[in-house]
Amino acid sequence: LDPTQWRERLASLEGQVCHIEYPVDGKEATGTGFLVAPDVVLTNDHVIAPLRAGDADPAKVRLRFDFKALPDGKAVQSGVLFELAGAEWLQDWSPPSDVDRMRDPGASVPTPSELDYALLRVAGAPGNQTLGDKTEPGAPKRGWITELAPSLDVDALVFILQHPDGAPIGMAGDRITAVNSNRTRVRYRTNTE
């Protein structure tokens with residue numbers, strides 16, 4: 001593994017990951033999402049389920065890119081905020097499965113229509129904009145994830161960029177422990193809190 005290429009790829013991916021936040025029932029709901037098109041973020045359906053159910057206001061959702069911290073946890077960049085794109089904010093979604101709540105699902109598997117994802121349309125096309133608040137000529141574009149993940153198999157190493165419990169971006173890594181029989185779920189030891 002070339003460390004220079006790895007660092008450059010990680011820096012690129014960091015800019016494509018966002019913290020999702022919005023008020024619901026007097027609390028702040030949070031989650032992680034990532035750009036898959038200039039103006040589309042992929043996240044888990046369970047992150048936005050209160051929005052779909054009408055229990056929270058999509059106009060109050062904020063997608064925070066470039067939210068970073070020093071090793072001591074002190075935030076050094078509060079991030080760049082984007083909003084959802086009006087009435088067309090929810091492009092597609094699939095619910096989670098009851099199997100996801102089982103500690104040991106055994107042979108039970110979610111159906112192919114229970115994939116726990118949501119595609120959110122974002123106002124302002126953050127993928128076409130520069131990283132951070134840089135506006136100088138030649139500043140790097142944020143971009144979006146364009147390639148498919150490799151096949152995920154038991155014992156493969158996986159790194160996950162995330163905003164755990166609403167914190168600035170972090171990364172966790174560990175191994176895959178199981179892939180279910182219809183390949184709709186991967187279990188891993190990686191701590192995603």
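Bear in mind that the values here come from a model prediction, so they are computed numbers and not experimental data. All residue numbers in this chain count up from 1 along the given sequence.
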(request) Using a strict cut-off of less than 4.0 Å between a Lys/Arg side-chain nitrogen and an Asp/Glu carboxylate oxygen, indicate whether Lys68 and Glu14 qualify as a salt bridge. (result)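 Yes.
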(message) Tell me whether Arg185 is salt-bridged to Asp116, with the criterion being a basic N under 4.0 Å from an acidic carboxylate O.
(response)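 Salt bridge flag = no for Asp116 with Arg185.
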Between [Y] and [X], is there a side-chain heavy-atom distance shorter than 4.5 Å?
X: Asn180; Y: Pro105; result: no
X: Val17; Y: Phe65; result: no
X: Cys18; Y: Arg64; result: no
X: Leu81; Y: Leu63; result: no
X: Leu90; Y: Asp92; result: no
X: Leu10; Y: Arg7; result: no
X: Asn44; Y: Tyr117; result: no
X: Asp66; Y: Leu131; result: yes

(request) State plainly whether one hydrophobic cluster holds both Leu115 and Val179, where clusters connect Ile, Leu, Val, Met, Phe, Trp and Tyr through side-chain heavy atoms under 4.5 angstrom apart. (result)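 No, no single cluster joins them.
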(request) Could you state whether Val186 and Val99 fall into the same hydrophobic cluster, counting links through intermediate Ile, Leu, Val, Met, Phe, Trp or Tyr residues with side-chain heavy atoms under 4.5 angstrom apart? (result) no
Search all heavy atoms of [X] against all heavy atoms of [Y] and return the closest pair with its distance.
X: Phe67; Y: Gly166; value: CE2-O, 3.5 Å
X: Asp45; Y: Trp93; value: OD1-CE3, 3.6 Å
X: Phe82; Y: Val122; value: CB-CG1, 3.6 Å
X: Pro110; Y: Asn182; value: O-ND2, 2.7 Å
X: Ala29; Y: Val24; value: CB-CG1, 3.7 Å
X: Pro126; Y: Leu35; value: CG-CD2, 4.0 Å

Would you confirm whether [X], through its side chain, and [Y], through its main-chain N or O, come within 3.5 Å as a donor-acceptor pair?
X: Ser94; Y: Ser113; answer: yes
X: Asp100; Y: Ser97; answer: yes
X: Gln5; Y: Asp2; answer: no
X: Gln91; Y: Glu88; answer: yes
X: Thr30; Y: Glu21; answer: no

Enumerate donor-acceptor pairs with a distance under 3.5 Å from any side-chain N or O in residues 152-163 to protein atoms, sequence neighbours excluded.
{"residue": "Gln162", "atom": "NE2", "partner": "Asn191", "partner atom": "O", "Å": "3.1"}
{"residue": "His163", "atom": "ND1", "partner": "Ala167", "partner atom": "O", "Å": "2.9"}
{"residue": "His163", "atom": "ND1", "partner": "Ile169", "partner atom": "N", "Å": "3.2"}

(message) Could you work out, with ring pair (Phe, Tyr, Trp, His ring centres under 6.0 Å) as the rule, every residue matching Phe34, not counting sequence neighbours?
(response)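 Per chain and number, Phe34 pairs via ring pair (Phe, Tyr, Trp, His ring centres under 6.0 Å) with no residue.
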Value rounded to 0.5 Å, distance of [atom1] in [X] from [atom2] in [Y]:
X: Arg189; Y: Arg175; atom1: CZ; atom2: CZ; answer: 7.5 Å
X: His19; Y: Asp165; atom1: NE2; atom2: CG; answer: 9.0 Å
X: Leu120; Y: Leu42; atom1: CG; atom2: CG; answer: 8.0 Å

(request) List the steps, then state whether side-chain contact (heavy atoms from CB on, under 4.5 Å) holds for Val61 with Ile20. (result) CA-CA 7 Å; Val61 173; Ile20 300 169; 4.2 Å; yes
(request) Tell me, with the steps shown, if Asp57 and Tyr22 meet side-chain contact (heavy atoms from CB on, under 4.5 Å). (result) CA-CA 8 Å; Asp57 184 358; Tyr22 60 93; over 6 Å; no
(request) Examine the side chains of Arg142 and Gln129 and answer whether a donor and an acceptor come within less than 3.5 Å of each other. (result)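 Side chains of Arg142 and Gln129: no pair found under 3.5 Å.
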